[in-house]
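Residue numbering restarts at 1 for every chain, and letters A, B, ... go by the order of the sequence lines.
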Amino acid sequence: MKIISWNVNGFKSIIEKGFLEEIIAQDPDILCLQEVKSTEIPEIENYISYNYPASQLVNFYGTAVYTKVEPLSVRKGFGDKEFDAEGRVIRMEFENFYLYNVYCPSGASSPERLDRKYRFYDEFTKYVYKSNKPSIICGDFNRISAEIDAKNPKNIKGKSGFLPEEQEWFKEILTKYVDAFRKFHPEGDNFSWWPNRKGFREENKGYRFDYFLVSNTFDNTLTDSYILKDQMGSDHAPIVLELNSCPVCGTVNNNDNEFCYQCGIKIIETEEEEEDVREDKLEIPKDKIILLDLNYTLIANSKEIRTMPLDKKIKSQKYEADLINLIKDNYVILITASPYRRSHKILRDLKEKTGFEPDESFWNFGRQPPALKKYWMENEVIPQHGDDGDKYLAIESNPATRRMYKKLGIEAKPKGDFI
DNA sequence: TCGGCTGACCG
DNA sequence: ATCTTTGCGC
DNA sequence: CGGTCAGTCCAGCGCAAAGAT
């Protein structure tokens, strides 16, 4: 999954200048924006959007999020009257992490603003430390984490953003979180913000104010992080985080997992696998109980709709009509690695589009496909229908799962053998 | 918003 | 109705 | 005289609302 964070310094001008298309061309799964400065934001194809403008000074501050993955919940603000009026924090909940999009105040204009900045950090830190899931925090922090994040560390001593106390905050939080960019790029001269003055950006006289902070427990899920320093349109450059999390349900997985353990979708795309198709089509005996796979088997276009947001994905789902024709008179048990919470919507959609409904169905509760289906076989199907393997026929896309069926004495074949 | 520039102010 | 200016914050 | 240090310093961008034509 790819997450991009960008302080756009006025979303309207980004859109007018055509830079929104450029950032969407990067194809992020989630796009976090800061300094949106607008109560209205456009819809983007394939994304769900959340805008959180300031309530009074609507022409300042404001954060927004575009996401392909539908969050379990979204919270705007964190219970502080003053800061919530400025639309500074959006928290999105996913299966096993929170994503915080944050725009921290600047304290440069006066000592009062600096005090306020410190208070924001105190309150915000308290808020994220209360998380009952691991977190990814991204956004504009308006301070450097260490001297390496500045071009001219000595020139700016004593100014807001560069004070030793501000770097203390980073030292503390970096005991619990990983600075994702720094993990992959230990060298200096990498900046995400340049003063809005002539020559500064060209000469790379900048600072690193934008960060992805990732809970230590997710350290081994990170695959890359970098700065899109050539992306124009704002005084900030977008920053990118890539991690091995499911683009469908948002669950963070270990780097070596081929399938998401939550929803069973394939998250590591191996090179174009040739689908198993045989010329001499096999018959399906009417007396067999069919153990039917959903993704990549009953659903004909799983691959194309892989990364769509959930609602759109279900709407776009197409089912194998030929396959349904062959098995509609059999007793059919749907066994799928899709999560249970989606079962009602999918079954209703299937019936509306094809008139077909399976006799039974079993869904995912957090396991990878072969282990999950083995569990359902041993605990539900076999106790109900018996352990005679000849009574069953599995139509299954996943080779590992087919091997599992064979161990149970059950014939398992890909749909290409029949249609 | 940074950082170069101007003066005032020291010892 | 369509500009330009103003105020505010970075 | 050489060094430090503050300065409603200045410059430049974006937004919305107010003002002007």
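The distance between atom CZ of A:F141 and atom C1' of C:dC10, rounded to the nearest whole Å, is 18 Å. Protein atom CD of A:E112 is 16 Å distant from nucleotide atom P of C:dC8, rounded to whole Å. Taking atom CG of A:L57 as the reference point, atom C1' of D:dA16 lies 11 Å away to the nearest angstrom. Atom-to-atom, CZ of A:R116 to C1' of C:dG9 comes out at 11 Å; the value is rounded to the nearest Å. D:dC15 atom P lies 8 Å from atom NZ of A:K17, rounded to whole Å. C:dC10 atom P lies 12 Å from atom CG of A:L114, rounded to whole Å. Computed from coordinates, the A:W194 CH2 to D:dC13 P distance equals 17 Å when rounded to whole Å. Computed from coordinates, the A:E86 CD to C:dG9 C1' distance equals 10 Å when rounded to whole Å.
A donor-acceptor contact closer than 3.5 angstrom is absent between the side chains of A:Y296 and A:N398. Looking only at atom types and distance, the side chain of A:T297 has no donor-acceptor partner in the side chain of A:E320 under 3.5 Å away. Between the side chains of A:T251 and A:E95, not a single donor N or O lies within less than 3.5 Å of an accepting N or O. There is no side-chain donor-acceptor pair under 3.5 Å between A:N101 and A:Y50.
Atom CG of A:L241 is separated from atom CZ of A:F212 by 5.0 Å, given to the nearest 0.5 angstrom.
The side chain of A:Y61 has C:dC10 as its nearest neighbour among C:dC10, D:dG14, D:dA16. If you check D:dA16, B:dT1, C:dG9 against the side chain of A:N59, the one that comes closest is D:dA16. In this structure, the nucleotide among D:dC13, C:dG9, C:dC10 sitting nearest to the side chain of A:S106 is C:dC10. Of the candidate nucleotides C:dG9, D:dA16, D:dC15, D:dA16 has the atom lying nearest to any side-chain atom of A:V58. Nearest to the side chain of A:A108, among B:dT1, C:dC10, D:dC15, sits B:dT1. With B:dT1, D:dA16, D:dG14 as the candidates, the nucleotide lying closest to the side chain of A:S38 is D:dA16. The A:F200 side chain lies nearest to B:dG3 when the options are D:dA16, C:dC10, B:dG3. For A:F60, counting side-chain heavy atoms from C-beta on, the closest listed nucleotide (D:dC15, C:dC8, C:dC10) is C:dC8.
A distance of about 15 Å separates the C1' atoms of C:dG7 and D:dT8, rounded to the whole Å. Taking atom P in both D:dG3 and B:dG3, the straight-line distance is 22 Å, to the nearest Å. With both ends at atom C1', the span from C:dT6 to B:dC5 equals 28 Å, rounded to whole Å. Using P as the reference atom, B:dA8 and D:dC10 are 15 Å apart when rounded to the nearest Å.
No contact: A:F209 has no heavy atom under 4.0 Å from any strand.
Between A:F78 and A:Y127, the ring planes lie parallel to each other; the angle is under 30°, not in the 30° to 60° tilted range.
Phosphate proximity of C:dC10 to A:K159: absent, as no side-chain N or O sits under 4.0 Å from OP1 or OP2. A:K12 has a side-chain polar atom (N or O) that falls below the 4.0 Å cut-off from OP1 or OP2 of D:dA16. Side-chain N/O atoms of A:Y207 include none lying less than 4.0 angstrom from OP1 or OP2 on C:dC10.
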